[in-house]
K.L.:
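Right, I'll just put the structure down here and ask away after.
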Amino acid sequence: MPELPEVEVTRRLIAPSLEGSLIDEVEIRRERTARRNSGSAEVVDRLTGRTVERLGRKGKFIAADLDSGELLVIHLGMSGRLQLADRIEEEAPHTNAVLRISGGGEVRFVDPRTFGFIGVFEEIPSLLGPDALDALPDSGGFQALLGRSRRAIKTVLLDQAVVAGLGNIYADEVLWRARVAPHRPSADLDSDAAERIRSAIRPVLEEGISQGGTSLGDLAYLLPDGRAGENLGRLAAYGREGLPCPRCGTPVIRSMIGQRSAHHCPACQL
DNA sequence: ACCTCCCTGGCC
DNA sequence: GGCCAGGGAGGT
(Lines give C-alpha, C1' and ligand atoms only; values in the text may rest on other atoms or scores of the structure.)
Protein backbone atom coordinates (compact mmCIF):
# COMPACT_ATOMS: atom_id res chain seq x y z
CA MET A 1 0.00 0.00 0.00
CA PRO A 2 1.39 3.35 -0.99
CA GLU A 3 3.27 5.07 1.82
CA LEU A 4 5.97 7.68 1.58
CA PRO A 5 8.48 5.58 -0.42
CA GLU A 6 5.90 4.46 -2.98
CA VAL A 7 4.54 7.99 -3.32
CA GLU A 8 8.04 9.39 -3.72
CA VAL A 9 9.04 6.80 -6.33
CA THR A 10 5.81 7.55 -8.20
CA ARG A 11 6.40 11.30 -8.01
CA ARG A 12 9.95 11.00 -9.33
CA LEU A 13 8.91 8.82 -12.25
CA ILE A 14 5.99 10.94 -13.43
CA ALA A 15 7.67 14.30 -12.83
CA PRO A 16 9.49 14.40 -16.20
CA SER A 17 6.18 13.94 -18.03
CA LEU A 18 4.15 16.36 -15.94
CA GLU A 19 6.42 19.27 -15.02
CA GLY A 20 6.10 22.02 -17.59
CA SER A 21 3.26 20.19 -19.33
CA LEU A 22 -0.21 21.41 -20.20
CA ILE A 23 -3.13 19.31 -18.99
CA ASP A 24 -5.39 19.52 -21.99
CA GLU A 25 -8.08 17.03 -21.03
CA VAL A 26 -9.30 15.54 -17.77
CA GLU A 27 -11.67 12.64 -17.28
CA ILE A 28 -12.96 11.61 -13.88
CA ARG A 29 -14.62 8.22 -14.35
CA ARG A 30 -15.68 7.70 -10.79
CA GLU A 31 -17.36 10.46 -8.85
CA ARG A 32 -15.88 9.27 -5.57
CA THR A 33 -12.39 10.06 -6.88
CA ALA A 34 -13.33 13.78 -6.81
CA ARG A 35 -15.11 13.65 -3.43
CA ARG A 36 -12.74 16.08 -1.69
CA ASN A 37 -13.96 18.83 -4.01
CA SER A 38 -17.62 19.50 -4.78
CA GLY A 39 -17.51 16.89 -7.53
CA SER A 40 -15.86 15.85 -10.77
CA ALA A 41 -17.08 18.92 -12.67
CA GLU A 42 -15.17 21.18 -10.33
CA VAL A 43 -11.98 19.16 -10.61
CA VAL A 44 -12.21 19.02 -14.40
CA ASP A 45 -12.92 22.73 -14.54
CA ARG A 46 -10.05 23.81 -12.29
CA LEU A 47 -7.56 21.45 -13.97
CA THR A 48 -8.25 21.64 -17.68
CA GLY A 49 -5.92 24.00 -19.52
CA ARG A 50 -3.58 24.38 -16.57
CA THR A 51 0.17 23.90 -16.74
CA VAL A 52 1.94 21.90 -14.05
CA GLU A 53 4.90 23.77 -12.65
CA ARG A 54 6.53 21.73 -9.90
CA LEU A 55 5.53 18.28 -8.79
CA GLY A 56 6.11 17.98 -5.04
CA ARG A 57 5.16 15.72 -2.19
CA LYS A 58 4.34 16.07 1.47
CA GLY A 59 3.87 12.90 3.45
CA LYS A 60 1.73 10.65 1.29
CA PHE A 61 0.22 13.52 -0.70
CA ILE A 62 1.47 14.40 -4.17
CA ALA A 63 0.96 18.13 -4.67
CA ALA A 64 1.58 19.88 -7.99
CA ASP A 65 1.80 23.64 -8.34
CA LEU A 66 -0.42 24.84 -11.17
CA ASP A 67 0.00 28.03 -13.19
CA SER A 68 -3.32 29.16 -11.70
CA GLY A 69 -1.68 29.30 -8.30
CA GLU A 70 -3.74 26.35 -7.10
CA LEU A 71 -2.57 22.90 -6.09
CA LEU A 72 -3.35 19.64 -7.86
CA VAL A 73 -3.39 17.11 -5.05
CA ILE A 74 -3.29 13.36 -5.58
CA HIS A 75 -3.57 10.84 -2.77
CA LEU A 76 -3.11 7.16 -3.63
CA GLY A 77 -5.06 5.90 -0.63
CA MET A 78 -4.28 2.26 -0.05
CA SER A 79 -4.65 0.77 -3.51
CA GLY A 80 -4.05 3.67 -5.87
CA ARG A 81 -1.28 4.03 -8.39
CA LEU A 82 -0.40 6.38 -11.21
CA GLN A 83 0.38 4.94 -14.58
CA LEU A 84 2.11 6.65 -17.48
CA ALA A 85 0.74 5.56 -20.82
CA ASP A 86 0.24 6.40 -24.46
CA ARG A 87 -3.36 7.12 -25.29
CA ILE A 88 -3.65 3.98 -27.42
CA GLU A 89 -2.64 1.55 -24.66
CA GLU A 90 -5.47 -0.44 -23.17
CA GLU A 91 -6.59 0.79 -19.78
CA ALA A 92 -6.20 -1.23 -16.62
CA PRO A 93 -9.40 -2.03 -14.68
CA HIS A 94 -10.31 0.66 -12.13
CA THR A 95 -8.82 3.50 -14.10
CA ASN A 96 -10.81 6.11 -12.19
CA ALA A 97 -9.30 9.23 -13.72
CA VAL A 98 -7.16 10.23 -16.69
CA LEU A 99 -5.11 13.40 -17.17
CA ARG A 100 -4.19 13.89 -20.83
CA ILE A 101 -0.99 15.82 -21.39
CA SER A 102 -0.24 17.94 -24.43
CA GLY A 103 2.06 15.85 -26.62
CA GLY A 104 0.11 12.61 -26.50
CA GLY A 105 0.86 11.02 -23.14
CA GLU A 106 -1.46 10.57 -20.21
CA VAL A 107 -1.33 9.94 -16.49
CA ARG A 108 -3.88 7.38 -15.34
CA PHE A 109 -5.14 7.08 -11.79
CA VAL A 110 -5.87 3.42 -11.08
CA ASP A 111 -7.48 2.79 -7.71
CA PRO A 112 -9.51 -0.40 -7.10
CA ARG A 113 -10.49 0.34 -3.49
CA THR A 114 -11.19 4.01 -4.14
CA PHE A 115 -9.58 5.30 -0.95
CA GLY A 116 -7.50 7.66 -3.04
CA PHE A 117 -8.62 10.96 -4.56
CA ILE A 118 -7.68 13.69 -6.98
CA GLY A 119 -8.55 17.30 -6.23
CA VAL A 120 -7.67 20.94 -6.71
CA PHE A 121 -7.19 23.07 -3.60
CA GLU A 122 -5.51 26.13 -2.21
CA GLU A 123 -3.61 23.94 0.25
CA ILE A 124 -3.22 20.24 0.99
CA PRO A 125 -6.60 19.40 2.58
CA SER A 126 -5.22 17.65 5.62
CA LEU A 127 -3.36 18.51 8.79
CA LEU A 128 0.17 17.20 8.34
CA GLY A 129 3.17 17.17 10.62
CA PRO A 130 6.71 17.47 9.28
CA ASP A 131 7.56 15.22 6.36
CA ALA A 132 9.23 12.03 7.61
CA LEU A 133 11.91 12.18 4.93
CA ASP A 134 12.51 15.86 4.23
CA ALA A 135 11.77 17.62 7.50
CA LEU A 136 12.24 15.26 10.40
CA PRO A 137 12.74 17.29 13.61
CA ASP A 138 16.05 17.17 15.47
CA SER A 139 16.49 14.86 18.47
CA GLY A 140 15.02 17.29 20.96
CA GLY A 141 12.05 18.16 18.76
CA PHE A 142 11.34 14.52 18.04
CA GLN A 143 11.45 13.58 21.71
CA ALA A 144 9.05 16.40 22.45
CA LEU A 145 6.62 15.05 19.84
CA LEU A 146 6.70 11.56 21.35
CA GLY A 147 6.48 12.84 24.91
CA ARG A 148 3.15 14.48 24.22
CA SER A 149 1.13 11.30 23.80
CA ARG A 150 0.33 8.24 25.82
CA ARG A 151 -0.91 6.32 22.78
CA ALA A 152 1.09 3.31 21.56
CA ILE A 153 4.24 4.41 19.77
CA LYS A 154 3.06 2.69 16.61
CA THR A 155 -0.18 4.68 16.65
CA VAL A 156 1.81 7.89 17.07
CA LEU A 157 4.07 7.05 14.13
CA LEU A 158 0.98 6.44 11.98
CA ASP A 159 -0.56 9.78 12.97
CA GLN A 160 0.07 12.03 9.96
CA ALA A 161 -0.38 15.13 12.12
CA VAL A 162 2.68 14.08 14.12
CA VAL A 163 4.97 12.92 11.32
CA ALA A 164 3.78 12.71 7.72
CA GLY A 165 4.53 9.74 5.52
CA LEU A 166 4.68 6.53 7.54
CA GLY A 167 2.03 3.87 6.99
CA ASN A 168 1.55 0.42 8.40
CA ILE A 169 4.48 -1.26 6.64
CA TYR A 170 7.20 1.28 7.31
CA ALA A 171 6.05 2.04 10.87
CA ASP A 172 6.59 -1.65 11.70
CA GLU A 173 9.98 -1.57 9.96
CA VAL A 174 11.10 1.58 11.77
CA LEU A 175 10.19 0.09 15.15
CA TRP A 176 11.95 -3.16 14.31
CA ARG A 177 15.11 -1.30 13.35
CA ALA A 178 14.88 0.82 16.50
CA ARG A 179 14.31 -2.31 18.66
CA VAL A 180 11.20 -0.77 20.23
CA ALA A 181 7.99 -2.75 20.79
CA PRO A 182 5.04 -1.15 18.96
CA HIS A 183 2.58 -1.16 21.86
CA ARG A 184 4.74 0.86 24.26
CA PRO A 185 3.21 4.18 25.28
CA SER A 186 4.97 6.90 23.35
CA ALA A 187 5.54 9.14 26.36
CA ASP A 188 7.21 6.28 28.29
CA LEU A 189 10.10 5.98 25.85
CA ASP A 190 13.44 7.22 27.14
CA SER A 191 15.53 9.60 25.08
CA ASP A 192 17.69 6.75 23.81
CA ALA A 193 14.72 4.82 22.41
CA ALA A 194 13.24 7.99 20.91
CA GLU A 195 16.51 8.71 19.19
CA ARG A 196 16.78 5.16 17.86
CA ILE A 197 13.32 5.59 16.33
CA ARG A 198 14.18 8.98 14.88
CA SER A 199 17.38 7.74 13.35
CA ALA A 200 15.68 4.62 11.91
CA ILE A 201 13.10 6.57 9.93
CA ARG A 202 15.33 7.93 7.21
CA PRO A 203 17.26 4.73 6.36
CA VAL A 204 14.07 2.64 6.32
CA LEU A 205 12.36 5.08 3.95
CA GLU A 206 15.43 5.49 1.76
CA GLU A 207 15.83 1.75 1.48
CA GLY A 208 12.21 1.51 0.38
CA ILE A 209 12.71 4.22 -2.21
CA SER A 210 15.91 2.69 -3.56
CA GLN A 211 14.07 -0.61 -4.04
CA GLY A 212 11.25 1.07 -5.95
CA GLY A 213 8.81 0.71 -3.07
CA THR A 214 7.02 -2.30 -1.60
CA SER A 215 4.73 -4.22 -3.95
CA LEU A 216 2.63 -6.81 -2.14
CA GLY A 217 1.03 -9.81 -3.75
CA ASP A 218 -2.61 -8.86 -4.20
CA LEU A 219 -3.79 -5.46 -5.42
CA ALA A 220 -0.19 -4.63 -5.96
CA TYR A 221 1.23 -1.19 -5.89
CA LEU A 222 3.14 -0.83 -9.16
CA LEU A 223 5.49 1.80 -10.53
CA PRO A 224 4.15 4.15 -13.21
CA ASP A 225 5.80 2.01 -15.90
CA GLY A 226 4.12 -1.16 -14.63
CA ARG A 227 7.09 -2.71 -12.85
CA ALA A 228 6.78 -4.01 -9.28
CA GLY A 229 8.79 -2.47 -6.46
CA GLU A 230 11.26 -4.88 -4.91
CA ASN A 231 11.31 -3.88 -1.26
CA LEU A 232 9.15 -6.78 -0.06
CA GLY A 233 12.15 -9.08 0.33
CA ARG A 234 13.88 -6.48 2.48
CA LEU A 235 11.18 -6.25 5.12
CA ALA A 236 12.20 -7.50 8.53
CA ALA A 237 8.89 -7.42 10.39
CA TYR A 238 5.81 -6.45 8.31
CA GLY A 239 3.96 -9.45 6.96
CA ARG A 240 6.44 -11.88 8.52
CA GLU A 241 4.32 -13.44 11.25
CA GLY A 242 5.90 -16.75 12.33
CA LEU A 243 9.08 -16.16 10.32
CA PRO A 244 12.40 -15.66 12.08
CA CYS A 245 13.47 -12.19 13.13
CA PRO A 246 16.46 -11.35 10.88
CA ARG A 247 18.34 -10.09 13.94
CA CYS A 248 17.82 -12.84 16.53
CA GLY A 249 15.87 -15.64 14.88
CA THR A 250 12.86 -15.47 17.20
CA PRO A 251 9.56 -15.83 15.31
CA VAL A 252 7.89 -12.50 14.52
CA ILE A 253 4.48 -12.06 16.11
CA ARG A 254 1.43 -10.22 14.82
CA SER A 255 -0.95 -8.25 17.03
CA MET A 256 -3.59 -5.56 16.68
CA ILE A 257 -2.88 -1.98 17.74
CA GLY A 258 -5.57 0.60 17.16
CA GLN A 259 -7.53 -1.68 14.78
CA ARG A 260 -4.42 -2.17 12.66
CA SER A 261 -2.06 -5.13 12.36
CA ALA A 262 1.38 -4.79 13.93
CA HIS A 263 4.37 -7.08 13.48
CA HIS A 264 7.35 -7.23 15.79
CA CYS A 265 9.99 -9.44 17.36
CA PRO A 266 9.04 -10.23 20.97
CA ALA A 267 12.66 -10.97 21.89
CA CYS A 268 14.65 -8.01 20.59
CA GLN A 269 12.04 -5.24 20.43
CA LEU A 270 11.49 -4.05 23.98
C1' DA B 1 -7.97 9.93 21.95
C1' DC B 2 -10.73 6.47 20.52
C1' DC B 3 -14.10 4.00 17.19
C1' DT B 4 -16.48 3.42 12.79
C1' DC B 5 -16.86 3.92 8.21
C1' DC B 6 -15.75 4.03 3.38
C1' DC B 7 -14.66 0.23 -0.80
C1' DT B 8 -13.25 -3.80 -3.48
C1' DG B 9 -10.67 -7.98 -4.82
C1' DG B 10 -8.71 -11.94 -3.05
C1' DC B 11 -8.72 -15.58 -0.13
C1' DC B 12 -10.52 -19.15 3.15
C1' DG C 1 -20.50 -16.29 1.55
C1' DG C 2 -17.91 -13.86 4.77
C1' DC C 3 -13.80 -11.77 6.23
C1' DC C 4 -9.73 -9.17 5.70
C1' DA C 5 -6.58 -5.38 4.14
C1' DG C 6 -6.02 -0.14 5.42
C1' DG C 7 -5.50 6.00 5.00
C1' DG C 8 -7.90 9.33 6.61
C1' DA C 9 -12.16 11.80 8.12
C1' DG C 10 -15.95 12.16 10.98
C1' DG C 11 -18.30 11.47 15.06
C1' DT C 12 -18.40 10.54 20.04
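In what follows, chains are A, B, ... by sequence order, proteins preceding strands, each numbered from 1.
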K.L.:
Grab the CG-P distance between A:N96 and B:dG9 for me, whole Å please.
P.N.:
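Those two atoms, CG and P, are 11 Å apart.
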
K.L.:
With hydrophobic residues grouped by side-chain heavy-atom distances under 4.5 Å, do A:L166 and A:Y221 end up in a single group?
P.N.:
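Per the 4.5 Å side-chain linkage, A:L166 and A:Y221 are co-clustered.
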
K.L.:
Angle class for the A:H75/A:F61 ring planes (parallel below 30°, perpendicular above 60°, tilted otherwise)?
P.N.:
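Because their plane-to-plane angle is over 60°, the rings of A:H75 and A:F61 count as perpendicular.
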
K.L.:
Are A:R100 and A:E27 ion-paired here, with the side-chain N under 4.0 Å from a carboxylate O?
P.N.:
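A salt bridge is present here (some side-chain N lies under 4.0 Å from a carboxylate O).
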
K.L.:
What does the B/S/- profile of nucleotides 6-12 of chain C look like, 5' to 3', with a 4.0 Å heavy-atom cutoff to protein?
P.N.:
BBBS---

K.L.:
Closer than 4.0 Å, any side-chain N/O of A:S149 to the OP1 or OP2 of B:dA1?
P.N.:
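Indeed, a polar side-chain atom of A:S149 lies that close.
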
K.L.:
Is there a side-chain contact between A:H94 and the phosphate of B:dC7, meaning an N or O under 4.0 Å from OP1 or OP2?
P.N.:
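No.
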
K.L.:
Between A:R30 and A:R150, which has a closest nucleotide on DNA chain B that is more 5'?
P.N.:
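Its nearest nucleotide being more 5', the pick is A:R150.
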
K.L.:
Might you confirm whether atom CZ of A:R29 has over 12 heavy atoms from other residues, nucleotides or ligands at distances under 6.0 Å?
P.N.:
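Yes - once you tally the heavy atoms of other residues, nucleotides and ligands closer than 6.0 Å, there are more than 12.
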
K.L.:
Do A:R198 and A:F142 form a cation-pi contact, if we require the NZ or CZ to be under 6.0 Å from the six-membered ring centre and within 45 degrees of the ring's axis?
P.N.:
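No, a cation-pi geometry is absent between A:R198 and A:F142.
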
K.L.:
With no hydrogens and no angle check, do the side chains of A:T114 and A:N96 hold a donor and an acceptor under 3.5 Å apart?
P.N.:
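A:N96 and A:T114 do not have a side-chain donor-acceptor pair below 3.5 Å.
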
